Amino acid sequence: MRGPSSLGLPALSLRERRPSTVEQMDRPDCDLDALHRTYRGFGVVNPVVAGWQLTYRRWIRPLLETARTVTVLDIGSGGGDRPRAVARQARRDGFRVNITAIDPDARAHDWATARPAVPGLAFRRAVSGDLVAAGERYDVVVSNHLLHHLEPAELDGLLADSERLAVRRAIHSDIRRSPAAYALFSAGAGLATPLFPGSFIRPDGLASIRRSYTPGELAAVLRPGWRVHTQLPWRNLAVWDAR
Ligand SMILES: C[S@@+](CC[C@H](N)C(=O)[O-])C[C@H]1O[C@@H](n2cnc3c(N)ncnc32)[C@H](O)[C@@H]1O
């Protein structure tokens with residue numbers, strides 16, 4: 001079996017998290033056209049790599065109801081393709097959901113709100129602390145690809161906010177760092193580059209993998225009451241259930 005080094009990849013560099021690796025889209029001065037192409041690309045890449053069909057079926061759908069509207073909060077929604085997909089899937093399954101998707105980045109908010117509206121989904125420009133301060137509660141709190149972006153104090157704050165905001169469950173889904181994930185994403189995104197030319201999808205995806213956690217690393221930084229579930233092929237889910 002070919003190892004990461006035989007693929008020309010930096011095997012050693014994946015042994016440790018690289019939180020200092022910069023993602024282009026996080027730079028306030030990054031090219032706006034490239035950022036918009038990246039948001040568009042997420043709509044293609046997320047369904048392939050992020051595994052939200054599985055996450056929805058195992059962790060969200062069992063909490064949905066037909067007789068009552070269940071509220072969902074998506075933190076760090078970016079271009080908004082995930083909450084759109086979850087809202088559509090829940091409605092297809094016959095459930096009543098109301099999803100609030102928040103992101104503090106004006107560029108993400110403007111992009112998301114410029115797309116066609118989806119019933120039961122609202123975008124707001126905010127961080128989780130704003131909603132805690134306003135006393136808001138949601139049945140289910142989720143995020144995708146947010147954990148690896150955060151500094152240790154921010155991560156702790158996000159988890160504490162999630163506990164205050166979630167009435168029933170919080171699920172933060174993120175990439176699991178591994179040489180195989182890096183190699184496959186590198187090759188796959190390279191082949192798929194014509195689908196999203198001029199975007200940050202490939203460099204930022206690889207940077208995200210370098211910044212992301214192994215299950216053990218993530219478990220070590222979670223607050224009491226949280227646990228890590230791994231989901232194939234390369235996901236870490238930080239899950240918290242209300243008692
Ligand atoms: C890599 S993007 C992921 C976007 C989206 N969830 C997805 O999977 O495509 C991370 C997003 O989190 C947002 N973000 C970073 N820190 C945040 C915080 N403390 N609260 C809410 N959103 C945050 C950023 O603005 C960015 O748009």
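Predicted model, so just to flag it, every value in this text is computed and none were measured. First listed ligand is number 1; within each ligand, the first listed atom is number 1. Reckoned from all heavy atoms, side chains included, excluding hydrogens, waters and symmetry mates.
For D93 and R61, the salt-bridge test passes: some basic side-chain N is under 4.0 Å from an acidic carboxylate O. A salt bridge links D139 and R68; the closest N-O separation between the charged side-chain nitrogens and carboxylate oxygens is under 4.0 Å.
For P104, the closest heavy-atom approach to ligand 1 falls below 4.0 Å. The shortest heavy-atom distance from H145 to ligand 1 is under 4.0 Å.
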Evaluate side chain to side chain donor-acceptor pair (under 3.5 Å) for S186 paired with R202, printing each intermediate quantity in order.
CA-CA 7 Å; S186 178; R202 187 167 183 273; 2.7 Å; yes
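Here the heavy atom of the protein found nearest to atom 2 (S) of ligand 1 is H149 NE2, 4.0 Å. In terms of protein heavy-atom proximity, atom 4 (C) of ligand 1 is nearest to G76 O, 3.3 Å. Given atom 25 (O) of ligand 1, the protein heavy atom at minimum distance is D103 OD1, 2.7 Å. The nearest protein atom to atom 3 (C) of ligand 1, hydrogens excluded, is given as N144 O, 3.7 Å; this is a heavy-atom distance. Closest protein heavy atom to atom 18 (C) of ligand 1: V127 CG1, 4.1 Å.
Residues satisfying the salt bridge (charged side-chain N to carboxylate O under 4.0 Å, His left out) criterion with D29, sequence neighbours excluded, are R27.
With a 4.0 Å cut-off on non-hydrogen atoms, E23 does not touch ligand 1 at all. Contacts with ligand 1 closer than 4.0 Å are made by backbone heavy atoms (N, CA, C, O) of S77 only, the side chain lying farther away.
Shown in contact with L146 at under 4.0 Å from a heavy atom are these atoms of ligand 1, numbered in order with element: 12 (O), 14 (N), 15 (C), 16 (N), 17 (C), 23 (C). Numbered from 1 in the order shown, with element, the atoms of ligand 1 that lie under 4.0 Å from a heavy atom of I75 read 20 (N), 21 (C). Every atom of ligand 1 with a heavy atom of D105 under 4.0 Å away is listed here by number and element: 25 (O). Proximity to F42 (heavy-atom distance under 4.0 Å) selects the following atoms of ligand 1: 9 (O).
For the pair R107 and W111, the cation does not sit on the ring face, since its NZ or CZ is not both under 6.0 Å from the ring centre and inside 45° of the axis. Annotation: cation-pi pair R17/Y213 present, NZ/CZ under 6.0 Å from the ring centroid and within 45° of its normal.
Neither side chain, H145 nor S208, offers a donor N or O lying under 3.5 Å from an acceptor on the other.
Around atom 7 (C) of ligand 1, the closest heavy atom drawn from N46, D174, V142 belongs to N46.
Under the 30°/60° scheme for interplanar angles, the aromatic rings of H172 and W226 are found to lie parallel.
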Got a list of side-chain donor-acceptor pairs under 3.5 Å for residues 152-159, not counting sequence neighbours?
residue, atom, partner, partner atom, Å
E154, OE1, E151, N, 2.8

